[in-house]
Novice: 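Input: one structure, supplied below.
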Amino acid sequence: MHNTKNYSDNPIKQVVAEPVSTFSLDMDTASYANSRRFISAGRMPHPDAVRVEEFINYFPEASNEKLIPLSDSPFAATYELAPSPWNTDKVLLRVNIKANNVRLDQLPLSNLVFLIDTSGSMYGPDRLDLLKQSLKLLVNKLRPVDKVSIVTYAGEAGVALEPTSGHNKAKILAVIDKFEARQNCWWRRAQTGL
């Protein structure tokens, strides 16, 4: 049973009354990827899972769009105004902000520790299987100076991987491949309704 929250459109705000806007620079693309996963499996995504801004964010900006560096800031930006297609008295403002490119070889070393739930509640393609796919993507980006440790729990905790260099990707991926959600009796009963 899923506890689904209904999301409604944000109301239009008058700039005269509220001239300041805040937004997160944490660009989220999960809605597009999640919707694509549902459709690929022959199912329709829940309407509240379809977030327009995350669909837009999924795709890279136009390669010919010139962003202007912001003074004393690690960001560059550009904007575009266009007439609203549903109300001719309104205009839409699109703001594109991008952090300056950082060379991966200049990043500080990472020491990542993952605590992973392998209990029965993680059983299913959209739970532990999806987490494993995500971890594999991350492992492929590791540098030799980076380290990964993995602790799992399903009732009690255990170390699945001691700190391991990103140079040893095969070892890390082998540990991730072994993860299985333990189907406890109560979980099977909940799934079957028995």
Side-chain angles (χ1 to χ4, degrees), residues 1-10 22-60 99 102 104 107-194:
M1 180 175 182
H2 295 283
N3 184 5
T4 306
K5 179 179 178 181
N6 290 317
Y7 293 94
S8 58
D9 292 340
N10 289 324
T22 60
F23 51 90
S24 172
L25 288 175
D26 176 22
M27 188 173 82
D28 199 343
T29 60
S31 179
Y32 180 89
N34 195 37
S35 296
R36 186 179 63 189
R37 184 173 56 83
F38 269 89
I39 292 167
S40 295
R43 300 183 305 177
M44 289 295 290
H46 190 279
D48 285 340
V50 179
R51 309 258 178 98
V52 175
E53 73 279 8
E54 293 183 21
F55 272 56
I56 294 169
N57 287 341
Y58 187 85
F59 298 95
V102 176
L104 292 178
L107 291 175
L109 63 89
S110 296
N111 187 4
L112 306 170
V113 179
F114 294 103
L115 176 61
I116 299 177
D117 180 358
T118 56
S119 68
S121 65
M122 289 294 287
Y123 181 77
D126 62 340
R127 296 183 183 185
L128 188 59
D129 292 344
L130 185 59
L131 175 65
K132 287 166 65 171
Q133 291 173 19
S134 302
L135 285 173
K136 289 176 183 180
L137 290 173
L138 181 135
V139 168
N140 288 327
K141 299 285 185 186
L142 291 174
R143 302 164 298 171
V145 294
D146 299 325
K147 289 188 178 176
V148 173
S149 306
I150 300 175
V151 176
T152 60
Y153 69 94
E156 52 186 69
V159 177
L161 180 69
E162 295 287 344
T164 304
S165 164
H167 181 71
N168 199 345
K169 290 179 174 54
K171 179 178 180 181
I172 301 168
L173 292 171
V175 169
I176 293 169
D177 278 333
K178 290 180 183 175
F179 294 155
E180 288 186 14
R182 297 182 185 161
Q183 281 199 317
N184 301 328
C185 292
W186 68 267
W187 177 249
R188 282 199 298 272
R189 283 197 300 272
Q191 290 289 83
T192 59
L194 300 176

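Here the structure is a predicted model, which means the values were calculated and not measured. For the single chain, residues carry numbers from 1 onward in sequence order. Computed over heavy atoms, backbone and side chain alike; hydrogens, waters and symmetry mates excluded.
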Novice: For a quick test of reading the model, state the closest non-hydrogen atom pair linking K171 to L161 and the distance between them.
Specialist: CE-CD1, 4.0 Å
Novice: Rounded to the nearest 0.5 Å, what separates atom CE in M122 from atom CD1 in I116?
Specialist: 8.0 Å
Novice: With rounding to the nearest 0.5 Å, note down the distance linking CG in N34 to NE2 in H46.
Specialist: 12.0 Å
Novice: Show, in sequence, the C-alpha distance, side-chain angles and deciding distance for I150 and F179, and conclude whether the side chain to side chain contact (heavy atoms under 4.5 Å, CB included) test is met.
Specialist: CA-CA 11 Å; I150 300 175; F179 294 155; 3.5 Å; yes
Novice: Quick one: NZ on K169 to CG on D146, what's the gap to the nearest 0.5 Å?
Specialist: 8.0 Å
Novice: Looking at V175 and A160, what are the two nearest heavy atoms and their distance?
Specialist: CG1-O, 3.8 Å
Novice: Ignoring hydrogens and angles, tell me if any N or O in the side chain of R37 forms a donor-acceptor pair with the backbone of L130 under 3.5 Å.
Specialist: no
Novice: When rounded to the nearest 0.5 angstrom, what distance separates NZ in K178 from CG in L173?
Specialist: 12.5 Å
Novice: Looking at every heavy atom in both A49 and S35, which two are closest together, and how far apart are they?
Specialist: O-OG, 4.2 Å
Novice: Which heavy atom of E162 sits nearest to which heavy atom of T164, and what is that distance?
Specialist: O-OG1, 2.7 Å
Novice: Given I172, which partner from the list L135, N140, L142, L138 fulfils the side chain to side chain contact (heavy atoms under 4.5 Å, CB included) test?
Specialist: L142
Novice: Take K136 and D177 through the side chain to side chain contact (heavy atoms under 4.5 Å, CB included) test and state the conclusion after the steps.
Specialist: CA-CA 9 Å; K136 289 176 183 180; D177 278 333; 2.5 Å; yes
Novice: Rounded to the nearest 0.5 Å, what separates atom CG in L112 from atom NZ in K147?
Specialist: 12.0 Å
Novice: Look up atom CZ in R36 and atom CZ in F55, then write down how far apart they are to the nearest 0.5 Å.
Specialist: 10.0 Å
Novice: Just so I know, are the side chains of D117 and R127 near enough to count as touching, which here means a heavy-atom distance under 4.5 Å?
Specialist: no
Novice: V159 versus S149: any side-chain heavy-atom pair under 4.5 Å?
Specialist: no
